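None of these values were measured; they are calculated from a predicted model. When reading the values below, keep in mind they use all heavy atoms of this one structure, side chains included, and skip hydrogens, waters and symmetry mates. Order of the sequence lines fixes the chain letters, A, B, ..., with proteins taken first and strands second; residue numbering starts at 1 for each chain.
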Amino acid sequence: DSGVTQTPKHLITATGQRVTLRCSPRSGDLSVYWYQQSLDQGLQFLIQYYNGEERAKGNILERFSAQQFPDLHSELNLSSLELGDSALYFCASSEQGWTNTEAFFGQGTRLTVV
Amino acid sequence: DQQVKQNSPSLSVQEGRISILNCDYTNSMFDYFLWYKKYPAEGPTFLISISSIKDKNEDGRFTVFLNKSAKHLSLHIVPSQPGDSAVYFCAASAIGNQFYFGTGTSLTVIP
C-alpha cells in the first residue's frame, strides 16, 4: 500500500460528460502529480501541484483542470469527454517539490468513455 | 517530445539470468533518476533511484547504472525471478520539477 488513495477505481461515462477524479496523497506529502496512461502508452504527465499551487503543467488538455485543496487532496476534472480520453489516470505524491525523492503512486482510476 | 526513452518494449529472460533494461534521456538538466515496476491493475511502485552525483546504486538484486555523458541509465536484475515479470518504467526529474517517464519495458522472466 503506497498510502496514496484514488477514487473511484473505475468510472464509465458517456461522451460529452464531465467527471471528477479524486486523490488523497500520502500523509505529509505536499506535491501531487497527475498522469494519464492510455493503452500501450507510457505515463504522460498532466499537472503537478505543490502545497495548493500549480507547479508544472504537462500535456493537459484545456478540457481538463485540476486543483489541490488546503487539506492537500487533489481533484482532476475532465469535461466534454471524448472516446480518446479513456485511459488510466494515476495520481502520485512526494514529500516536497524541492528535493529529489521518489513519488508514490495510487492504484489509478480507470476511465472508460462510451 | 519524449525526454525519456525506453526503446525496448519487451524483454524475455530465463530465470536466474541477468535482466538488463535500458533507458535514454535527452535533458541534461535531469539530476535524479528512478525505476518503477508496474504489475497489471496496480499503480507503479518505486524500485530504485540514483542521483546524478553517483554512477551506480545497488539494492539487493537491483542495480542502476548511470552514464551521464551518454545520457543513459540501465537497470540490472540479478538473478532474475519469475516474480520480476512486470512493466518497468524509468523516470527522470530536475530538482523541484515533474517526473518524466519512459514508455516502459515489459519484462518476462521464464521459469
### Message
Counting the benzene-type ring for Trp, do B:F101 and A:Y35 have ring centres under 6.0 Å apart?
### Response
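Here the rings of A:Y35 and B:F101 have centres that are less than 6.0 Å from each other.
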
Shared ILVMFWY cluster between [X] and [Y], side chains joined below 4.5 angstrom?
{"X": "B:F33", "Y": "B:Y100", "value": "yes"}
{"X": "A:I47", "Y": "A:L30", "value": "no"}
{"X": "B:V13", "Y": "B:L47", "value": "yes"}
{"X": "A:F104", "Y": "B:Y88", "value": "no"}

#### Entry: Distance (rounded to the nearest 0.5 Å) between B:S93 OG and A:F45 CZ
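Nearest 0.5 Å value for the OG-CZ distance: 11.0 Å.
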
### Query
How far does OG1 of B:T103 sit from CD of A:Q37, to the nearest 0.5 angstrom?
10.0 Å

### Task
Give a yes or no on whether B:R17 atom CZ has more than 12 heavy-atom contacts from other residues, nucleotides or ligands under 6.0 Å away.
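No, the 6.0 Å shell around CZ holds no more than 12 heavy atoms from other groups.
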
### Over 12 non-hydrogen atoms of neighbours within 6.0 angstrom of CZ in A:R26
yes

#### Entry: Distance-minimising heavy-atom pair for A:E102 and B:F99
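The answer is C-CZ, 4.4 Å.
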
### Query
If every non-hydrogen atom of B:K38 is compared with every non-hydrogen atom of A:L88, which pair is closest and at what distance?
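Here B:K38 and A:L88 meet closest at NZ-CD1, 4.4 Å.
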
### Summary
Under 4.5 Å to a heavy atom of chain B? For A:Q6 that would be neither

### Greatest number of heavy atom pairs closer than 4.5 Å to chain A - which of B:P44, B:G104, B:G43, B:A41
B:P44

### Check: A:A103 main-chain N/O paired with B:Y36 side-chain donor or acceptor under 3.5 Å
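Yes, B:Y36 side chain to A:A103 backbone: donor-acceptor pair under 3.5 Å.
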
